[in-house]
Amino acid sequence: MLEQFTFVGFLFLVALFLGLFMFGVPWLLRLRPRKSSSYKSDPYECGLRPHGEAWVQFKAQYYIFALVFLVFDVEAVFLFPWALAYHHLAFYAVLEGVIFILLLTAALIYVWRKGALEWM
Amino acid sequence: MDFLRNAIVEIGLWIEGLLINAGLAEPAADVIMTVVGAFVVGFTPLMIVVFLIWMYRKVSARIGGRMGPNSSGTWAGPWGLVQPIADVIKMFTKEDIRPQGIDVIPYNLAPIIIVVAAVMIWAVMPFGPGAEMVGADLNIGIFYVLAFSSAALIAFLMAGWSSNNKYAVVGAFRAVAQLLGYEIPQLLSILIVVMVVSSFVGPQGNPLSLQSIVEAQEGMIFLVVLPLPALVFWLASLAEINARPFELLEAESELVAGVQIEYSAMKWGMFYVGEFMGSVAVSALFATIFLGGWRGPWVDTAPVLGTVWFLLKILFMLNVWTFFQMTLPRLRIDQMLAFNWKFLVPLSLFAICVIGVVNKLIPEGATSWLRSGILLATNVVILLLAWAVLAIGKRRRELRAPAGAGVEVGA
Amino acid sequence: MMVQLEWYLILAAALFCVGLYGVLVRRNAVAILMGIELMLNAVNINLLAFWRFTEPAAATGQAFAAFVYAVAAAEVAVGLALIVAIYRNRQTVDMDQINLLKW
Amino acid sequence: MTQLVLFVIFGAITLAAAIAVVTARNLFHAVLWLLLAFFGVAGLYVLLEAPFFAAAQLFIYMGAIGVLIIYALMLTRGVMRQQVPLVNDQWALVAVLAVALLAVLSWLFLQHTWPTVDQAVGPDSLRTLGEALVDPGRYGFPFEVASVLLVMALIGAVTIVRER
């Protein structure tokens with residue numbers, strides 16, 4: 001099994017090389033700004049001088065979407081082995097997986113009914 | 001002639017033979033071949049991307065009724081073929097502006113992570129029949145792809161956070177809200193495919209490996225057997241690669257480019273390349289999972305044709321992508337989120353339950369034709385049900401809101 | 001030379017201790033949760049190492065590792081939600097100032 | 001031999017990143033170090049021949065939990081400005097205790113002879129896991145309970161975090 005990961009490891013090195021290459025060539029070419037000014041290096045805000053700090057406060061809405069995502073993500077870790085063994089499972093075992101999914105669907109419906117999935 | 005039938009594998013064996021003849025021990029030659037393979041697999045998507053940029057310009061120009069790169073005023077080679085090279089040179093030689101107040105390490109790391117994640121996906125892609133034509137036929141196959149595509153999310157957050165720009169932060173938040181959300185229908189539709197493959201390949205074979213997903217499509221491609229997961233997967237993938245109608249990450253007219261706003265020169269180019277690589281990867285995944293991958297006529301006699309079919313299928317899906325890109329408008333963020341959470345996710349959850357149960361009820365001895373037919377019928381029924389639910393919902397909304405009072409679209 | 005079970009155990013123990021240090025000394029509540037994540041990862045390394053070295057044919061270690069993922073996810077979801085709620089009410093996430101329950 | 005080298009590399013990455021997590025001043029950097037630590041752990045899982053868990057590590061920790069932590073950081077962004085001391089005043093004591101705990105644990109691990117078997121991981125290990133998870137005699141019940149746990153966590157967290 002580990003032999004297969006030799007390839008993955010080398011591909012990772014190649015990918016890293018590619019990334020560093022694209023990143024490094026302009027750096028090696030020394031394409032630095034010849035004239036620098038504070039106007040040039042200001043954060044771009046459509047022509048206005050930036051005002052205040054960039055880390056503005058966010059709505060908790062984003063956090064709720066991430067929560068729902070997290071729950072479904074963990075569900076996937078359970079369901080992938082289940083789907084993999086699907087052919088070997090008896091009917092009731094498939095039903096168990098279905099109940100697992102239905103419980104999560106219930107959670108989704110609850111969140112939905114509470115109005116947490118609305119974009120405010 | 002015989003050589004050409006399986007040309008890619010033969011060339012590999014020939015090089016390895018040369019190495020062994022040159023006095024290398026066999027394990028060392030194996031390692032060298034693995035490295036060569038990694039280079040080939042790593043650079044293939046990049047080559048496709050360079051070609052894709054050219055094709056995208058041509059096709060989008062045609063769709064938009066514009067002149068393409070071959071008539072941009074300056075000479076760009078026959079059919080504008082030199083255009084992508086000019087693009088690359090331009091990108092490499094542009095001035096690299098460093099904005100004030102950036103967080104240097106995450107800022108520079110983000111584009112690298114995007115490129116790395118986009119390349120890593122290709123490790124498990126089957127380019128042709130046989131174990132030699134897959135980089136590594138991992139037994140977690142498709143799950144590996146999902147893992148790396150979700151790891152790329154973090155790059156967006158890093159870029160957004162470290163750019164010291166309000167647009168970038170808002171863009172990063174939006175990007176992640178979109179990419180996170182649409183990952184779920186994507187993986188749920190893949191789960192359906194895995195279940196079905198499991199009952200097609202039987203006790204042997206590993207339904208997570210992409211090679212056996214291709215092998216399971218021997219009788220019929222999955223686009224026909226499982227049209228619903230195919231549709232869900234494609235829509236979710238469009239959102240994952242930030243294509244229209246889900247192009248909210250870039251949204252140049254409201255977010256000025258989202259997380260990429262403070263990136264210039266090649267660092268911006270890496271985001272650009274990463275995006276194109278993503279669309280190639282998604283097209284390749286769709287071709288593998290739903291269009292039969294390397295399957296096509298005469299593959300049995302000449303396995304090298306499998307690679308050709310595979311590339312042609314990728315090309316076809318890329319054209320579909322270009323078509324979507326050029327013809328659809330951008331959704332609003334509430335529509336985008338509602339479409340995912342209130343339509344795609346419940347639909348695919350429902351589909352998993354129904355298809356899982358129905359597929360299990362088909363007796364094990366059933367021919368693959370019978371199984372395919374029943375699955376297709378189930379899919380169509382679910383699609384009709386979804387359509388009916390949507391129609392009823394629309395009707396009720398119309399009854400509730402009097403005409404003219406801003407009816408919510410697509411929610 | 002093969003990597004022994006003990007090495008994984010010691011590595012996991014070291015990771016656990018680093019996590020423990022983070023939990024006990026950091027003042028920021030989010031940083032404390034990060035420490036807990038490190039500890040959970042240490043536990044998972046142990047579970048999988050025991051699975052690999054003592055009974056690779058059974059599924060016990062893997063199943064437990066999967067359950068640890070579920071627990072970690074639940075913990076992080078609720079924990080961070082609490083932190084966000086506390087921040088909204090008290091404008092701080094400094095654990096030394098969150099002493100509502102002390103009296 | 002290769003395994004040993006890789007073990008040392010991944011172990012070093014994990015530990016170094018973990019130490020950086022608990023000592024970093026900037027919390028955003030701490031999260032990034034945490035993700036690097038998760039990546040190192042994923043490498044260790046590959047060495048333990050559990051590639052599914054390595055992928056799940058990337059999938060859950062880097063994809064979901066990392067994002068969730070960054071979101072929480074952004075929602076409590078006041079922390080980025082406050083100049084409060086990084087650690088509380090018991091840090092020296094805790095450091096000594098942690099090192100002592102590590103020493104004791106290591107001594108215990110080396111003391112005991114573990115009943116290891118020299119057996120390769122079969123190609124079907126993931127399938128056995130799938131079957132065991134839904135086997136009512138084994139993990140069928142915990143499997144459903146895990147689902148209930150996730151549902152409860154989701155409902156609880158959404159209730160807590162919603163702005164009214």
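We name chains A, B, ... by the order of the sequence lines, and we start the count at 1 in each one.
Distance CZ/D/Phe59 to CZ/B/Phe143: 5.0 Å, rounded to 0.5 Å. The CE atom of D/Met62 lies 7.0 Å from the CD1 atom of B/Ile113; values are rounded to the nearest 0.5 Å. Separating the CD1 atom in D/Ile70 from the CZ atom in B/Phe173 is a distance of 8.5 Å, to the nearest 0.5 Å.
Across all their heavy atoms, D/Ala55 and B/Ala147 have their closest contact at O-CB, 3.4 Å.
With a 4.5 angstrom heavy-atom cutoff, D/Ala54 does not touch chain B via any of its atoms. Residue B/Leu180 touches chain D through its side chain alone, counting heavy-atom pairs closer than 4.5 Å. Using a 4.5 Å cut-off between heavy atoms, B/Leu109 makes no contact with chain D at all. Heavy-atom distances place no part of B/Ile105 under 4.5 Å from chain D, backbone and side chain included. Contacts between B/Leu157 and chain D at a heavy-atom distance below 4.5 Å involve backbone atoms as well as side-chain atoms.
B/Asn139 has its side chain out of reach of D/Phe52: every pair of non-hydrogen atoms, C-beta onward, lies at least 4.5 Å apart. Using a 4.5 Å heavy-atom threshold, the side chains of B/Asn206 and D/Asp124 count as separate. Within the 4.5 Å cutoff, side-chain heavy atoms of B/Asp103 are placed close to those of D/His29. Considering only heavy atoms from C-beta on, D/Leu58 stays 4.5 Å or farther from B/Ser150 through its side chain.
Heavy-atom neighbours of chain B within the stretch residues 31-42 of chain D, taken at a separation under 4.5 angstrom, comprise D/Leu32, D/Leu35. Residues of residues 90-99 of chain D lying within less than 4.5 angstrom of chain B, judged on heavy atoms, are absent.
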